[in-house]
Structures are given as structure tokens and as C-alpha cells.
Protein chains: 2
Amino acid sequence: MKTGDQGLVKKINKSIVLSNIQTQSPISRAQISKVTGLNKATVSSLVSELIEEHLVDEIGAGLSSGGRKPMMLFFNQNAGYTIGIDLGVNYAFGVLTDLKGNVIQQDEVVITDTDEEIVFAQLKDLAQLLIDKTPACPYGLVGIGIGVPGMINNEGVILFAPNMDWHNVHLKQYMEQHFNVPITIENEAKAGAHGEKIYGAGRASSNLIYVSIGIGIGSGIIIEDKLYKGTSGISGEIGHFSIESNGRKCPCGNKGCWELYSSEHALLEKTAPLFPNEKNVNLSFLIQQAEDGNPQVINAFDQIGEYIGIGLTNIVNTFNPEQIIIGNRLARLEPWLRNPIQRVFKQRLLPYFQDSIALTFTDRSKNSCALGSAAFSIEKFFATNKVTVV
Amino acid sequence: MKTGDQGLVKKINKSIVLSNIQTQSPISRAQISKVTGLNKATVSSLVSELIEEHLVDEIGAGLSSGGRKPMMLFFNQNAGYTIGIDLGVNYAFGVLTDLKGNVIQQDEVVITDTDEEIVFAQLKDLAQLLIDKTPACPYGLVGIGIGVPGMINNEGVILFAPNMDWHNVHLKQYMEQHFNVPITIENEAKAGAHGEKIYGAGRASSNLIYVSIGIGIGSGIIIEDKLYKGTSGISGEIGHFSIESNGRKCPCGNKGCWELYSSEHALLEKTAPLFPNEKNVNLSFLIQQAEDGNPQVINAFDQIGEYIGIGLTNIVNTFNPEQIIIGNRLARLEPWLRNPIQRVFKQRLLPYFQDSIALTFTDRSKNSCALGSAAFSIEKFFATNKVTVV
DNA sequence: ATACTTAATTTATTAGTAAAACAAAGTTTT
DNA sequence: AAAACTTTGTTTTACTAATAAATTAAGTAT
């Protein structure tokens, strides 16, 4: 039980002030006071602390609205930097961002061998490369986050990453040994969900499910603005809920798992026979075919979309979320998936859900997994050092 | 954004003190100070307010442990009373409880006609009957809660109760007109989940799913100790997630819904042909048959249990909860359901989930729906009048 | 030039927790 | 049984943070 004291009050209010400056800047002290209801004096005092801590800058006077000009405040997004890495099965994509999530630098390495030690070394080099590009600033690098396609427990241990063939892998320890900053290892879909919630399409939603459809299907669950990790850290394994209770056996033990019908893997399996002479039937190839009007491919996309819709219906019935965001590789298929999904929603969802659900595809120009991973460190930084997150 | 001030601090601490007295009583001021970390003076001051508000009583001196005897404190559970009603399709069961959830009085009425006005009048009479039994006390009746088998929106409107044939029913308004206390209308499974979390088998779990298996299947989702209601208040409709994506059409619009295979309705449908001469094949009859060793009935129970296990597997994969509690009518089948469910878990769940999940059947001697409905009012009472719930 | 407006700081007040001193009521030691 | 110690709970004092009111600063409107 955490008791309350004046320090708590100050943390709360300081956090509110900072978050207002972050999201509404340029903003004056007077405006903050009006918006938050905090007394002008309180705002002034908290702002001056934030300025001393280099988290806020005075950027110059604003326009007068009939009286003294307000001094406009800016969030000093360059007070520190953070690294986020999206670790895939055959790539690792890293970003260096400022405290607002702006990408300062990015880099990608190709992974050809998923051997633990090789990948570890590649991740270390990728991080070092980005660290070397970190501009001089008061707080330096505040943390490194990595999104991994596997199950991560509450201690950050990678319990199982099927497509990497990893079991009980201690990436966190390895990174901590090499870099003296907080390390966050999180499931790729949870990181993606967080990225969408903080910086992406999910900012306005309190309850959203980010459905990561790649080789398999995972998800990140945001409930009341907060990532829900589950009791042991492995919530959201929705790729393995059964939509055919006695369907094909899945390696997970279950039968008829959703991802057997709706993932990139399922799509490739389904379409490969259409191109017996083509060695390299991959997603880009299929998209090209669809764009060229190949009816069989378009039909395959539609069928996958229908199965995706069936699974999403289950999610909506379970969570009653405001929004579902489709992420990862199959988000590229938006033009072909949106219709069948909406069609299934219309057929299968109760009317009460139909009105309240928004379907969004991730903006692939931003990597929400890498950004979300980076954002974890920013929150830890504020929570431990300066202000509480409200 | 709710800012912090000293009032907030006091609310938090007062709530902590009260909750310690509620759960640990008899307890002295000194002990509370030690347990909470609050200063002795702070505890004294907060306790004296609680005593003035009749929420806490000094019950006499305790045993000395080498010095002055401590004055033991008790939560005054009789400071107020609350009513909770479990509204079923053919019954309404009401309890009058004290502020600790002890049942003071209970009553049940039979519902033969689900016509809105008739049921409303029955509920009003049931509540009045319990009110008449309310002992004299400082706060009187602090609220009435009703758990309804249907979808309730955030404003307490019953959008749809299929088995009552209700659409857009304003029970809350009706009760408010007749009783001048806060009225809470909530879905039956959500109320049950809350009851289990506050008073029942789920007290120790932060993340739990209460699965109400009756005519249909609903659920209440507790996430981080809090009931998750969903964006429009209708989360947890897990009876309508599809486990046979192209299975039988369900009235909800979806196909192959879980409850078509796993509910009491499914069980009765499956077993009725076994007893062509029996007019009244109901749950009690089937249980009697199973107890008498009828292999066909036992087999039917096992099959239903398997389907329940398949659905629960989906839930575990999705939520990674600490605990699943089976509630409502089919909880009576625990002796026949536990094995097939555990069997399915063993076959279908990933090992990481197997360790962390506890399966519990509700204690049918307590009605968690009625108790949970009653508890809603207690929380509202403390939140609005005295202390915040922490 | 004077009166109004708005912004931000300074000063005084208030509310709540905490630390220390104290009072109350015991037990243990001699 | 007196003295010394313990534990409980209250009182006194100090401190911190928010707020209200007064003040200073820097404009605009007429």
C-alpha cells in the first residue's frame, strides 16, 4: 500500500504540467494554469523546476491577447535520447529517438542466422552504432528497448521465440552488461501496441487491440490507456485461439489456431501452388500480382481477410475495444483486407459493437514496434528520475 | 487530468487506514502505523475522523506486549446496508448485506413472465421487502445493485437481454424513481466477477476471468484488480466468440459461437433425446442421472466439459490470467467438468500458461452476482462520501 | 496619457504529514 | 513496592506544497 504525502502531490502535478507542455506546446504558464486548474503560482514553481532540469525551455514571447505577452514554453525533447529496436526473424531495425519519439537516426541489419550469440552481437553493434550518433545532451541515452517476436516473462526473459528457435534467452542481461542504461525487452506486438498508443494511430483510444499479423499473429492489449501484460507477461497470444476447435494441429499444442488461417504463413502456403514455377513467392511478389490484377491472388487475399475478420470478431466480442489496429507485415495488404473484414463485421458482429469499433491499419512508414520499444525507456526515465506518468 | 492536492493525499491515506481496519481488525492505531508506514500522529487523526463518521469503533483494550494496552479498532460494518439482486430469467434473488458483505436477509421471487413491467414491479417489491428489514444505522441503505443477464451500456441502460426479450430497457430510471439511493445496473457476469473478486474465490487474484455458464455464456474480466467494462460497457461477450468459424448460425449473427457448444442450453439440447419419455429434462435431473451413474449423461457432461476447456484455452491464451472462475448454473457440474477441462488444458495450452493458471468453481452457497451487485453500491458510497478506494 | 488586460511572481495562508516530545498505562527488574 | 523500561497514543512543532491575494511586468485600447 503506497501512502500519500506531499511528494506524491508534487509528482502528480509536475507530471501534469510536463505532459501539457509536451502535447500542447508552445504553451504559456497562464494557459497551463487555466487548462489544468492548478494555481498560477503552482504552475510557475513547477515549470521553473522543469526548466532547471532541462526538460522544458522558454522559447520566447508569444502573441499578446490584450495584455502582457506570454512566455511560451517548449518541451526540451533533446534532453535525452532513447533507442528502440524491432527484432524480426530476418532483420533488426533500430531507431534513435528524442524524448518525443522523433527519429533522429535509424539503421537496419539483416539477420541470416538466428543463433543466439550471433544475433546478440548484431544487436549490440546496432545499438552501439546508434549510440555513437547520439547528440550531446543533459541526460544522454536514457535506455534501450527491444521488441522480440516471442513470449517474454515479467523479468524480461525470452521464454520462447518459435521462429528464432529461442528458449529461455537472456538478452536483457547481455545488453545490460554492455550498456549501462535500463534495458526493456518486450514482445514485438506489445511494443507495437504501445507505439501506436503513444505515437501512432491509437493515441485517442483508451481501449485498443493491436493485432500484429506477420508469420504468426500476436497482439498487444491496451486497457484504460495502459498496456496489459498479463499475469506472467504473456497475454495477447491471440494467434493461438482456436477458431476451428478440431482443426489442424498447431505446434503450440492447440488445434485450429487462428494464425493457421490468417497469417502471412497461411497466405504463402495458400498461394504457393498458384505459382509452381516461381521460386520466391513472398509478400511483395503477391502484392505485385494483386496490383496487376491476378484474380487468384486477389481472391486469396480476400479469403485471408475473411479469416482475419472472423478472429477480429472474437476480439471485439471479448474486449469491446474502441479500436483495432492491424500491424506488422500484413498491414501492407490493407487495400485488399479492409473490405472482407468489414464485410465479416457486418455479418457477424452484434449491432452494439458495430457502431463503436474503429478499424485502422498501421502506418508502415513508422515502425511502431521500434518506436514503442523506445518509448518504454522514456517512461522509465520520467518515472524514476523526474515525474510520475499519470 | 485530475490534479493533486492535500485533499487527495488525505483521501488516499484515510482509505488505506480504513481498508486496514476492514481487513485486519481488530487492529490498533500503532499497528496500522507500523503496517502502512504512516506516522502515528497521522493514523490517530484519521482514525478519530473515521470514528466520528461511525465507520470505525473502538472495541476495547487488547493485550499488552510489554507496555500500554492498545485500543483495538473495528470496522463498523453496520454503519450502512446495501441491496444486491441477481436477476435471472425465471427468478430474482436479493440480498441485504452490511458494509462487509455479510448477508443479513435474503429473498427470492419466481419470475414467470418476463414482461418488463411485471418484472419491474417484482424487483421493486423485492427491494422494498429487503429495505423493510434494514436495521437502524447511521447511513441507512447506501444503494441497490442489480445484475442482469444482458448487455448494459455505460449509462446503465439494458441494451439487450436475449432471454428476457428486452431491448433498451430503463430499469435504472425506474428504480431511481422508487428508491432515493444510487442504483447500479450491471451485467450478471460482471457483477459475479466483482463479487468473486471482492468476497469470493478471486480475492487473491489481480487478473481473473469469471466465466458465467448458464443458458448462455458471459464473462466478467478483472484486470489489475479492477473490473474492465469495455468501451461501451459490453466487454466479455465471450459466449459469442466463434470456435467453429463456419459452424451453426447463432442468433447473435456470428457462426459457431462457443455457447452453442458449451452452455446449459447446449447440454439440454444434447441430452434431451436420451430421455424421450421425460418431460422435464433439466439440470437437476441430469445431475441426478449422473450421480446414479448414467453413462450417457456422464459422457455428455464430459463432452460439454471438453468444449468448455477449448473456450477457456482461448481465454487463457488471450488474457494470461491468474485465475478462471466458473460461475452460474453449470458450476454445479464441477465434479464432471473439472477433469475434461484440465485434460484439454494439458493437451492444448502452452506450458508457460499451464503453470500460472488456477481453475476454480464458484461457491454456490454464496451468490456472487447478488453480492457483487451489492458491493458496487458500497464502493460508490465510500468513493462519494468518505474515502477513495485504493 | 490614461485605463484596461493579461502574464507571471511574491507574499501570506492553509492543510496535511512527519518528527519529536510527552503523557498514559502498562510490564519487568531489583 | 519502587524504579526502570516498553508500548500506545496524543500534543506540539516543523516542514512542504498548494492556493488566494497582492504585486509587478508588459503589453493593448481609447
Side-chain angles (χ1 to χ4, degrees), chain A residues 1-18 20-21 24-52 56-73 386-388 390, chain B residues 1-17 20-21 24-52 56-73 387-388 390:
Chain A
M1 255 162 303
K2 238 200 101 193
T3 58
D5 60 8
Q6 308 236 85
L8 175 70
V9 171
K10 190 169 182 177
K11 259 195 167 184
I12 291 172
N13 291 339
K14 199 165 168 181
S15 165
I16 289 174
V17 169
L18 180 59
N20 264 277
I21 297 174
Q24 311 294 326
S25 68
I27 188 173
S28 69
R29 292 166 174 84
Q31 279 175 284
I32 297 173
S33 169
K34 256 174 218 153
V35 169
T36 60
L38 289 168
N39 188 279
K40 290 190 298 175
T42 307
V43 173
S44 269
S45 138
L46 294 174
V47 164
S48 69
E49 284 191 26
L50 288 167
I51 289 175
E52 253 176 45
V56 167
D57 282 338
E58 292 185 332
I59 207 71
L63 293 178
S64 162
S65 57
R68 173 173 165 177
K69 285 181 185 168
M71 177 56 73
M72 304 315 275
L73 304 167
K386 301 295 152 197
V387 287
T388 288
V390 275
Chain B
M1 255 163 303
K2 236 199 101 194
T3 58
D5 61 8
Q6 309 242 75
L8 175 70
V9 171
K10 188 169 183 177
K11 259 194 165 183
I12 291 173
N13 291 340
K14 199 165 168 183
S15 166
I16 289 174
V17 168
N20 264 277
I21 298 173
Q24 312 293 325
S25 68
I27 189 171
S28 69
R29 293 166 173 84
Q31 279 174 284
I32 296 172
S33 170
K34 258 176 215 150
V35 169
T36 60
L38 288 168
N39 188 278
K40 289 190 298 174
T42 306
V43 173
S44 268
S45 135
L46 295 174
V47 165
S48 69
E49 283 190 25
L50 289 167
I51 290 175
E52 252 176 45
V56 167
D57 282 339
E58 292 185 330
I59 206 74
L63 292 178
S64 162
S65 58
R68 172 175 167 178
K69 285 182 185 168
M71 177 56 74
M72 304 316 275
L73 304 168
V387 287
T388 287
V390 274

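Everything quoted here is computed from the prediction, not taken from an experiment. Throughout, protein chains are lettered first and strands after them, A, B, ... in sequence-line order, and every chain is numbered starting at 1.
Rounded to whole angstrom, the span from the NZ atom of A/K11 across to the C1' atom of D/dA18 amounts to 18 Å. Spacing between atom CD1 of B/I32 and atom P of C/dT17 amounts to 14 Å, rounded to whole angstrom units. Atom CD1 in B/I12 sits roughly 13 Å away from atom P in C/dG16 (whole-Å rounding). Look at CZ on B/R29: it is 18 Å from C1' on C/dT17, rounded to the nearest Å. Distance NZ (A/K69) to C1' (C/dT5): 15 Å, rounded to an integer number of Å. Atom pair A/K40:NZ and C/dT6:C1' shows a separation of 8 Å (rounding to whole Å applied). The separation between B/L8 atom CG and C/dT14 atom P is 22 Å, rounded to whole Å. Taking atom CG of A/L46 as the reference point, atom P of D/dA17 lies 9 Å away to the nearest angstrom.
The phosphate of D/dA18 (OP1 or OP2) has a side-chain N or O of A/N13 nearer than 4.0 angstrom. Within the 4.0 Å cut-off from OP1 or OP2 of D/dG9, not a single side-chain nitrogen or oxygen of B/S44 is found. Between C/dA7 and A/K34, a contact under 4.0 Å exists linking OP1 or OP2 to a side-chain N or O. In this structure, A/T42 reaches the D/dT19 phosphate: one of its side-chain N or O atoms is under 4.0 Å from OP1 or OP2.
Residue A/I21 holds its CD1 atom at 9.5 Å from CG of A/L46, rounded to the nearest 0.5 Å. Interatomic distance, B/Q6 CD to B/L8 CG, rounded to the nearest 0.5 Å: 10.0 Å. Separating the CG atom in B/N13 from the CD1 atom in B/I32 is a distance of 12.0 Å, to the nearest 0.5 Å.
When each of A/M71 and B/G37 is assigned the nucleotide of DNA chain C bearing its nearest heavy atom, the one mapping closer to the 5' terminus is A/M71. Place A/N39 and A/G67 on DNA chain C by their nearest nucleotides, and A/G67 ends up nearer the 5' end. Each of A/G7 and A/R68 lies near DNA chain D, and the nucleotide nearest A/G7 is the one positioned closer to the 5' end.
Residue B/S28 is in sugar-phosphate contact alone, with no base atom involved, counting any heavy-atom pair closer than 4.0 Å across all strands shown. Residue A/A41 is in base contact, counting any heavy-atom pair closer than 4.0 Å across all strands shown.
Checking D/dT19, D/dT28, C/dT27 against the side-chain heavy atoms of B/S64 singles out C/dT27 as nearest.
With contacts defined as side-chain heavy-atom distances shorter than 4.5 Å, the pair A/R29/A/M72 does not qualify.
Between the A/S33 side chain and the A/L38 main chain, a donor and an acceptor come within less than 3.5 Å of each other.
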